[in-house]
Engineer: 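Once you've had a glance at the structure underneath, I'll fire off some questions.
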There are 2 protein chains.
Amino acid sequence: MKRVTLKDVALEAGVSINTASRALNNKPEISPETKEKVLKVAQSLGYRPNRLARALRSNKTGTIGVIVGDIANPYFSMLVRGIERTARQFDYSVILQGTDEDYDREEEAIEIALAEQVDGILITPTQKGTDTIEELVASGTPFVLMSRYFKELDTDYVVMDDRRGGFLATEHLIQRGHRRIAILNGPLHISSAIERYEGYLQAFKRYGLDPDKALVAEGCLTVEDGYRAALCLLDGPERPTAVFAFSDFVAFGVLRAANELDLRVPDDLAVVGFDDTLFGVCMRPPLTTVGGSPEGLGEQAARLLFDRVDRGQTDPVKLRLPVRLVQRKST
Amino acid sequence: MKRVTLKDVALEAGVSINTASRALNNKPEISPETKEKVLKVAQSLGYRPNRLARALRSNKTGTIGVIVGDIANPYFSMLVRGIERTARQFDYSVILQGTDEDYDREEEAIEIALAEQVDGILITPTQKGTDTIEELVASGTPFVLMSRYFKELDTDYVVMDDRRGGFLATEHLIQRGHRRIAILNGPLHISSAIERYEGYLQAFKRYGLDPDKALVAEGCLTVEDGYRAALCLLDGPERPTAVFAFSDFVAFGVLRAANELDLRVPDDLAVVGFDDTLFGVCMRPPLTTVGGSPEGLGEQAARLLFDRVDRGQTDPVKLRLPVRLVQRKST
DNA sequence: CTATAATCTGACAACGTTAACGGGAAGGTT
DNA sequence: AACCTTCCCGTTAACGTTGTCAGATTATAG
């Protein structure tokens, strides 16, 4: 079960190793006949180039590091799906890591990715600090931030239009007559949480209303977080009539809480999610949400990264993908 | 931004490259003083070993290939999550690929993984054929099948106790008084689908009942599949009173269909899923399901693989993880 | 004080590939 | 015929690491 190397091919074809290499790499300095001969031999011997050796020599591994907050979160799953599909098209492999939104883990993940000598990195930063990303900058490895960005750092990123999304969701609820609109937001060090909150406030302002600080919760990232926060928020006497959740993932937790508290959605409580993941439509009632396309975002980020890897440094590209309200039955 | 190599460290420390290597790899043949000196220099220079070179030399890449049916399916997401977490503990990196349950894509994925010279492979085979897996056997690269296995192939695998799961789900429905129990099964070339079906039949037999062939659908893998199949099945005059779905993913589609047809769950239609993914509890009503632990399965498979990688070939290990009925409100 | 063992270290080769360089042959031009 | 080009091809040297071996130094024993 020994591996077939270039040497074997060269020997068999009666040429030098280098010529064999040239034939297989479509280099111009080779006659058509020898090229064909080498290719035939390579084919018959079942030659597969050793990517390690190639990578060592050429300083290109053909892999990218993908670092996301939580692999089990459907938003990230779809993101990764889009990335993986795109990476395959470009002949790159994906090395996946999850951070569980932990800063130390993020640092470790970046170090591992750099140690693997990936050609580029796609990351949804935890945003609990900038050191990790600055390390990334210092490393010289191309990278693209996904879904979140740093105002203070001049890097490539692909995010959704979170402010507009927050506005659309809130406006929609206001137009439906809601006034006590809670927001179960993500942690406020995350840009998307900040901007969605800004959109939320903006909608209130636009309609001449005052938001109630007591209805603002932050730090929700998971189903569990959403569930707990909702239980807490819905327990009080002055409970909200509507909830804008940071993500579908969080909204699912809210729906669970509503279920358990026997609140009818949307009559007793309206709910809006974010991301338009696969399951919103399966909820009862189907979840109104703000849609971007996570897969599309992954694809765009990957394309941007590959462009960076090939073409080298240019001015940072900052993409803000459009969102729209996907109205279903939960509002 | 040039990379620090062993040579640099050696030069700075005034020793040979080899000695530096020994110091950093905890080899015994080195004096404590020089070792400390080298380590200090390495630290101060920020030396990071080049994994490519190491891999090339030692034939160990420290990576494993993970190939699953669909990255966006929460079952697989959780599986991958468990794998990634475990791999990190063992200092392995994960190269992820999705096949979308396509056989050609599976073949390609395996070839890519082998080309990347991964130390091992974790795969949920599409089971549309055995060529791909036989290629894997021939390659000599250790691998472990996850969630599905081939009766005719003597390989390592980690699966759930699908037959028992199918039995438990069906028995539960029978005990609740259901007789017209549909099964929205996965494709019958998949072992888990076959065995769940066997469990389904077994339960009918045990209770002296006859299943209705008209209530058996197969080929459902996604939310969409479940939705369509359910619409079709629930449209007829003699519709089932209960549905056993191949997975939570499929069950979500069923719930969606029930929603749209205005069927009350569980009164008009009882639904049981499989896998106990994160969202079952958020459904309305909360989904009764058969629980294994996808993350746990991933972890076990990874551990088994690493054991294989380290210790080499032994008798195939075949694990069948226990399942239990997680009863909620959908039945 | 010598022989021998034990300990540490460095030179060298190798892993499989690609890049740089140079040389030989063929053909065309003066 | 001498020269230059052009086109192929092979030799050599890397990439950064680890394993093998032999040599050097010191310690130990006789």
Side-chain angles (χ1 to χ4, degrees), chain A residues 1-39 41-42 45-63 91 114-119 139-141, chain B residues 1-39 41-42 45-63 91 114-119 139-141:
Chain A
M1 205 64 267
K2 203 178 162 327
R3 210 184 158 83
V4 182
T5 78
L6 208 48
K7 198 169 154 189
D8 302 326
V9 175
L11 217 65
E12 181 76 16
V15 297
S16 78
I17 294 181
N18 205 310
T19 304
S21 169
R22 273 192 274 256
L24 292 160
N25 289 45
N26 280 322
K27 300 276 171 161
E29 315 92 345
I30 189 171
S31 73
E33 305 90 58
T34 43
K35 178 169 178 177
E36 192 186 354
K37 183 173 61 183
V38 171
L39 287 179
V41 171
L45 290 184
Y47 169 73
R48 305 249 166 245
N50 184 327
R51 298 183 75 147
L52 291 172
R54 179 180 299 194
L56 176 62
R57 181 65 234 231
S58 60
N59 261 323
K60 286 249 171 177
T61 53
T63 60
D91 276 325
L114 292 178
E116 291 279 359
Q117 284 160 279
V118 295
D119 293 338
S139 78
T141 303
Chain B
M1 206 61 267
K2 206 183 161 320
R3 210 187 159 81
V4 184
T5 77
L6 207 48
K7 198 170 155 189
D8 302 325
V9 176
L11 217 65
E12 181 76 15
V15 297
S16 77
I17 295 181
N18 207 312
T19 305
S21 169
R22 275 191 274 256
L24 292 159
N25 288 47
N26 281 321
K27 299 277 171 158
E29 318 91 341
I30 188 171
S31 73
E33 306 89 58
T34 43
K35 178 171 179 177
E36 192 186 352
K37 185 173 62 180
V38 171
L39 287 180
V41 171
L45 289 183
Y47 169 73
R48 304 251 166 243
N50 184 327
R51 299 183 74 147
L52 290 172
R54 184 184 303 212
L56 177 61
R57 181 63 229 234
S58 59
N59 262 323
K60 285 248 171 182
T61 53
T63 59
D91 275 325
L114 292 178
E116 291 280 358
Q117 284 160 279
V118 295
D119 293 338
S139 78
T141 303

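Only heavy atoms go into these numbers, but all of them, side chains included; no hydrogens, no water, no symmetry mates. Residue numbering restarts at 1 for every chain, and letters A, B, ... go by the order of the sequence lines.
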Engineer: Would you sort out whether B/E29 and B/R22 count as a salt bridge (charged side-chain N to carboxylate O under 4.0 Å, His left out), showing the intermediate values?
Structural biologist: CA-CA 7 Å; B/E29 318 91 341; B/R22 275 191 274 256; 5.1 Å; no
Engineer: Do A/T61 side-chain atoms and A/A55 backbone N/O form a donor-acceptor pair below 3.5 Å?
Structural biologist: no
Engineer: Output the rounded distance in Å from CD (A/E33) to P (C/dA25).
Structural biologist: 18 Å
Engineer: Rounding to an integer number of Å, can you tell me how far A/K60 NZ sits from D/dC15 P?
Structural biologist: 19 Å
Engineer: Between C/dC8 atom P and B/E36 atom CD, what is the distance in whole Å?
Structural biologist: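 So the two atoms are 15 Å apart, to the nearest Å.
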Engineer: Taking OP1 and OP2 of C/dC8, is either one under 4.0 Å from a side-chain nitrogen or oxygen of B/T19?
Structural biologist: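 So the side chain of B/T19 is outside the cut-off, no N or O lying under 4.0 Å from OP1 or OP2 of C/dC8.
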Engineer: Does C/dT7 have OP1 or OP2 under 4.0 Å away from a side-chain N or O of B/S31?
Structural biologist: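 For C/dT7, OP1/OP2 do not have a side-chain N/O of B/S31 under 4.0 Å.
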Engineer: Take the protein atom CG of B/N59 and the nucleotide atom C1' of C/dG16, then report the distance between them rounded to whole Å.
Structural biologist: 10 Å
Engineer: How long is the straight-line distance from OG1 of A/T63 back to CD of B/E116, given to the nearest 0.5 Å?
Structural biologist: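 Here the interatomic distance stands at 6.5 Å.
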Engineer: Just how far, in rounded Å, is P of C/dA20 from CD of A/E29?
Structural biologist: 11 Å
Engineer: Under 4.0 Å: is that the gap between some side-chain N or O of B/T34 and OP1 or OP2 of C/dC8?
Structural biologist: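 No.
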Engineer: May I ask you to decide if A/V15's main-chain N or O and A/T19's side chain share a donor-acceptor pair within less than 3.5 Å?
Structural biologist: no
Engineer: Yes or no on side chain to side chain contact (heavy atoms under 4.5 Å, CB included) for B/L24 and B/L6, after CA distance, side-chain angles and deciding distance?
Structural biologist: CA-CA 9 Å; B/L24 292 159; B/L6 207 48; 3.5 Å; yes
Engineer: If a protein heavy atom is under 4.0 Å from the base, mark B; if only from the sugar-phosphate, S; if neither, -; do that for nucleotides 17-24 of chain D going 5' to 3'.
Structural biologist: BBBB----
Engineer: Contact between B/R3 and B/D8 at the side-chain level, heavy atoms closer than 4.5 Å - yes or no?
Structural biologist: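 A side-chain contact under 4.5 Å is absent here.
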Engineer: For B/L56, report the nucleic acid contact type (base, sugar-phosphate, nothing); a contact means any heavy atom under 4.0 Å.
Structural biologist: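 The answer is base, as B/L56 lies within the cut-off (heavy atoms under 4.0 Å) of a base atom.
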